[in-house]
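Notes follow the structure.
Chain letters run A, B, ... following the sequence lines, proteins first, then strands; residues in each count from 1. Please read all numbers here as calculations on a predicted model, not as lab measurements.
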Amino acid sequence: MPENRDYFEDVYQVVRLVPPGRVTTYGAIARYLSLRAGARMVGWAMNGAHVHDVPAHRVVNRVGVLSGKHHFGSPTAMQELLEQEGVRVEEDRVQNFGQLFWDPVSELD
DNA sequence: GAACTGACTCAGC
DNA sequence: GGCTGAGCCAGTT
């Protein structure tokens, strides 16, 4: 539907809708916005996340790994942010991911 | 201007 | 059930 690349804004907006203490995935966002581009562009969009006040720490890859932690100020910043919200993180992976996973498609739609 | 790379995912083996 | 290859778009070399 959206031919423009303003979906960057949409991505940011969806991420902001993620409740504290919950996490979502790049693929889930891509599916919700019907991005033919796929999850990869969601990740690319997150490059400007810090500029848009987006809680990027709540976005992980499909298995719950903090694949984007290197883009935060420090290697542990992402994990600490999640733990502040009550999300248990171990070995760069979100524990109990299946239960904490927040899917915009089923939660918002 | 072609080739590479990246905060990913899925299908196939 | 873990590894490999292919596909997606955009920015960089």
Side-chain angles (χ1 to χ4, degrees):
Chain A
M1 169 256 289
E3 302 178 293
N4 45 17
R5 25 213 210 296
D6 292 328
Y7 63 79
F8 271 50
E9 288 298 331
D10 295 332
V11 171
Y12 301 141
Q13 201 158 329
V14 173
V15 176
R16 274 183 230 138
L17 292 176
V18 180
R22 304 292 295 279
V23 294
T24 191
T25 72
Y26 303 95
I29 295 171
R31 234 177 358 206
Y32 176 71
L33 297 177
S34 303
L35 297 182
R36 190 169 66 85
R40 229 171 190 169
M41 287 301 94
V42 177
W44 189 253
M46 300 307 283
N47 262 295
H50 59 99
V51 182
H52 291 254
D53 295 326
V54 177
H57 58 279
R58 296 188 194 137
V59 185
V60 297
N61 71 356
R62 71 179 188 92
V63 290
V65 174
L66 313 189
S67 45
K69 71 170 193 169
H70 249 220
H71 288 257
F72 283 74
S74 72
T76 57
M78 187 174 184
Q79 174 172 347
E80 289 180 9
L81 283 169
L82 284 170
E83 289 181 335
Q84 273 178 26
E85 299 182 348
V87 178
R88 248 195 319 160
V89 178
E90 223 170 279
E91 305 270 323
D92 295 343
R93 266 189 301 259
V94 174
Q95 300 302 298
N96 209 7
F97 176 66
Q99 207 172 3
L100 295 177
F101 176 56
W102 183 86
D103 186 3
V105 177
S106 50
E107 299 285 345
L108 295 178
D109 173 76

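- Spacing between C:dG5 and B:dC4 at atom P, rounded to whole Å, works out to 15 Å.
- Of the inter-residue distances, the one linking A:M78 atom CE with A:F72 atom CZ reads 5.0 Å to the nearest 0.5 angstrom.
- Two different hydrophobic clusters hold A:L81 and A:L17 under the rule that ILVMFWY side chains link at heavy-atom gaps under 4.5 Å.
- In this structure, the side chain of A:Y26 does not engage the main chain of A:W44 through any donor-acceptor pair within 3.5 Å.
- To the nearest whole angstrom, the two P atoms, one in C:dC8 and one in B:dG1, are 23 Å apart.
- The minimum heavy-atom distance linking A:V42 with A:A30 is given by the pair CG2-CB, 3.8 Å.
- Separating the CZ atom of A:F72 from the C1' atom of B:dA7 is a distance of 9 Å, rounded to the nearest angstrom.
- The side chain of A:R40 has B:dC8 as its nearest neighbour among B:dC8, C:dA10, B:dC10.
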Let's test your reading of the pairing rules: Watson-Crick or G-U wobble, both distances under 3.5 Å, then write DNA chain C as a dot-bracket string with ( ), [ ], | and dots. .||||||.|||||

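- The listed nucleotides are B:dT9, C:dA10, B:dC10; the one nearest the side chain of A:R31 is B:dC10.
- Between A:F101 and A:F97, the angle of the ring planes lies from 30° to 60°, which puts this pair in the tilted group.
- Between the CG atom of A:N61 and the C1' atom of C:dC8 there is a distance of 17 Å, given to the nearest Å.
- The same atom, C1', is picked in C:dC3 and in B:dA7; the two are 22 Å apart, to the nearest Å.
- Taking atom CG of residue A:L35 and atom P of nucleotide B:dT9, one finds them 13 Å apart after rounding to whole Å.
- With rounding to the nearest 0.5 angstrom, the OH atom of A:Y32 is 10.5 Å from the CG atom of A:D103.
- Across residues 52-59 of chain A, A:A56 each have a non-hydrogen atom less than 4.0 Å from an atom of DNA chain B (numbered order).
- Rounded to whole Å, atom C1' of B:dT5 lies 11 Å from atom CE of A:M41.
- One atom, CZ of A:F101, and another, C1' of B:dT9, lie 13 Å apart when rounded to the nearest Å.
- A distance-only check finds a donor-acceptor pair linking the side chain of A:R22 to the backbone of A:L100 [under 3.5 Å].
- Rounded to a whole Å, the CG atom of A:L66 is 15 Å from the C1' atom of B:dC8.
- Taking side-chain N and O atoms only, A:S67 has a distance below 4.0 Å to OP1 or OP2 of B:dC8.
- In this structure, A:M46 places its CE atom 12 Å from P of B:dT9, rounding to the nearest Å.
- You'll find that the side chain of A:R62 is closest to B:dC10, out of B:dC8, C:dC9, B:dC10.
- Residues A:M41 and A:V14 fall within the same hydrophobic cluster, defined by Ile, Leu, Val, Met, Phe, Trp and Tyr side chains chained together at heavy-atom separations under 4.5 Å.
- Within the nucleic acid shown, A:G43 comes within 4.0 Å of at least one base atom, counting heavy atoms only.
- Taking atom CH2 on A:W44 and atom P on C:dA10, their separation rounds to 11 Å, with Å as the unit.
- If you take CZ on A:R31 and OG1 on A:T25, they are separated by 6.5 Å, rounding to the nearest 0.5 Å.
- One finds the CZ atom of A:F8 at 8.0 Å from the CG atom of A:N47 (value rounded to the nearest 0.5 Å).
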